[in-house]
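Every heavy atom of this structure was used, including side-chain atoms; hydrogens, water molecules and symmetry mates were not. Residues: numbered from 1 along the sequence shown.
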Amino acid sequence: MYLFSEKEKINMQTNPKEKLMYDIHAHIIPTVDDGSWSLEMSYQMLYMAYRQGIQKVVATPHSEAFDQWPDMVMKCAYELKEFMQSKLPEIELYIGCEVLCRRDYMKNILEKLHKGIYPSMNGSPYVLCEFSKRTTVEEILYCTCGLQSAGWIPIIAHAERYKCLFTDEKYLNMLKEDGCKIQINIDSVYDEYDETIKRNALTLIEQKQVDFLGTDAHRMNHRPPNAKNGLDFLYSHYEKEYIDKIAFGNAGQLLLI
């Protein structure tokens, strides 16, 4: 059984009603990708998230998991939902997918989205899109345009990590004007060690380009669902109405959760 560290215990002492967040990006379904190792760990991660103000979570396994064993992923997802309903009914789980988008794979991606092999975000038109670290602006634009042409609305996952988007402010403006949505990881605004990524995240906040927050939680010993520091920082430094929107308002409206 996984044991909480002293630091994790402190993080979990936050009053869950003090801050509110809907996490639209979490690798919380056990054993299906590089996220949670077990049902027990998933429970501990969700309990930790709840204690920090997260009330709703979209589970977003990597698309590779659905490529390999789609039936098992959904089976594990519903088992986790049932387990959490009995253990911690205050937190609600929804299903999505973090789709790895590549120019040469778009035809296959669109087919799998159409067939439901890749779940959209809670059955909505929104698709959480991930790109490789070496992606280019041209590839991002190509993939998002392809999704939009097929009726989907791309959400760029952890956009602060794609350094190519920050070489010229026109690129992010182009994506937003085309209707793309932006998600950043909540720990990027405060706990991120890479100063470039942190600066990118704060730039997106300051320009009000962000639409959603997520933890991108993976495991208790690697990127646990730490939201407290980031939420405290955002509410202390930025307009509450805007932070409310990106923390839970937009997700509640657009993803119907």
Side-chain angles (χ1 to χ4, degrees), residues 1-4 8-9 11-17 19-99 112-113 115-128 130 155 157 183 186 212-227 247-248 251-257:
M1 178 181 293
Y2 182 88
L3 297 178
F4 293 118
E8 289 163 348
K9 289 178 182 178
N11 284 338
M12 288 190 290
Q13 296 310 306
T14 306
N15 184 340
K17 295 182 179 180
K19 297 289 188 294
L20 181 64
M21 176 177 157
Y22 296 170
D23 182 0
I24 75 154
H25 184 174
H27 299 272
I28 202 73
I29 300 175
T31 72
V32 300
D33 61 6
D34 61 345
S36 170
W37 287 338
S38 66
L39 190 64
E40 174 69 17
M41 182 178 282
S42 294
Y43 169 71
Q44 292 167 341
M45 290 170 71
L46 288 166
Y47 179 74
M48 181 178 181
Y50 172 70
R51 292 298 302 167
Q52 296 187 64
I54 295 173
Q55 294 189 351
K56 300 176 189 288
V57 177
V58 184
T60 52
H62 291 291
S63 51
E64 294 96 320
F66 291 98
D67 288 331
Q68 297 179 64
W69 39 72
D71 292 340
M72 189 192 81
V73 175
M74 296 308 296
K75 178 175 181 291
C76 291
Y78 287 116
E79 286 177 352
L80 177 60
K81 289 184 70 170
E82 185 176 344
F83 180 82
M84 292 305 300
Q85 187 61 36
S86 65
K87 295 290 185 179
L88 188 64
E90 294 86 353
I91 197 164
E92 298 179 47
L93 284 176
Y94 305 87
I95 307 300
C97 175
E98 184 180 16
V99 180
K112 290 187 175 182
L113 283 168
K115 291 181 177 179
I117 296 173
Y118 292 165
S120 63
M121 302 291 278
N122 192 37
S124 73
Y126 293 84
V127 176
L128 187 65
E130 179 183 30
I155 301 174
Q183 176 257 314
I186 183 63
F212 304 105
L213 299 178
T215 62
D216 194 12
H218 274 63
R219 300 184 296 279
M220 288 301 293
N221 63 343
H222 173 66
R223 203 181 297 153
N226 283 325
F248 60 89
Q253 281 190 328
L254 302 182
L255 303 181
L256 303 176
I257 62 176

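For the atom pair Gln68 CD and Asp33 CG, the distance stands at 10.0 Å (nearest 0.5 Å). Atom CD1 of Ile24 is separated from atom CD of Glu98 by 10.0 Å, given to the nearest 0.5 angstrom. For the atom pair CD (Gln85) and CD (Glu90), the distance works out to 9.0 Å, reported to the nearest 0.5 Å. To the nearest 0.5 Å, atom CD of residue Gln253 and atom CZ of residue Phe248 are 10.5 Å apart. Remark: Ile29 CD1 to Glu79 CD distance equals 10.5 Å, nearest 0.5 Å. Considering OG of Ser42 and CE of Met220, their distance stands at 11.0 Å, rounded to 0.5 Å.
Scanning all heavy atoms of the two residues, the minimum distance from Leu254 to Ser124 falls at O-CB, 4.2 Å. In this structure, Ala157 and His25 approach most closely via the heavy-atom pair CB-CE1, 3.9 Å. Across every non-hydrogen atom of Ser36 and Ser38, the tightest pair is OG-O, 2.8 Å. Across all their heavy atoms, Leu46 and Ile91 have their closest contact at O-CD1, 3.6 Å. Scanning all heavy atoms of the two residues, the minimum distance from Asn122 to Leu255 falls at ND2-O, 3.0 Å. In terms of heavy-atom proximity, Val73 sits nearest to Ala65 at CG2-O, 3.7 Å.
Each of Arg51, Met48, Gln44 was checked for a side chain to side chain contact (heavy atoms under 4.5 Å, CB included) with Pro225, and the lone residue meeting it is Met48. Exactly one residue among Pro119, Pro70, Ser120 makes a side chain to side chain contact (heavy atoms under 4.5 Å, CB included) with Cys97. That residue is Pro119. The only option from Glu92, Lys56, Gln55 that meets the side chain to side chain contact (heavy atoms under 4.5 Å, CB included) definition with Ile257 turns out to be Lys56.
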Take Leu128 and Val58 through the test side chain to side chain contact (heavy atoms under 4.5 Å, CB included) and record every step on the way to the result.
CA-CA 10 Å; Leu128 187 65; Val58 184; over 6 Å; no
Thr31 vs Trp69, test: side chain to side chain contact (heavy atoms under 4.5 Å, CB included). Steps then yes/no.
CA-CA 11 Å; Thr31 72; Trp69 39 72; over 6 Å; no
Would Phe66 and Met74 count as a side chain to side chain contact (heavy atoms under 4.5 Å, CB included) if you check the C-alpha gap in whole Å, the side-chain angles of each, and the deciding distance to 0.1 Å?
CA-CA 9 Å; Phe66 291 98; Met74 296 308 296; 3.9 Å; yes
Would you check, one step at a time, whether the test side chain to side chain contact (heavy atoms under 4.5 Å, CB included) holds for Thr215 with Met21?
CA-CA 10 Å; Thr215 62; Met21 176 177 157; 4.1 Å; yes
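Between His27 and His218, the ring-plane angle classifies as tilted under the 30° and 60° cut-offs. Ring planes of Tyr43 and Phe83: perpendicular class, angle over 60° (limits at 30 and 60°).
Side chains of Tyr94 and Leu256 form no contact here, defined as non-hydrogen atoms less than 4.5 Å apart.
Residue-environment remark: CD (Glu82) stays at or below the threshold of 12 foreign heavy atoms within 6.0 Å.
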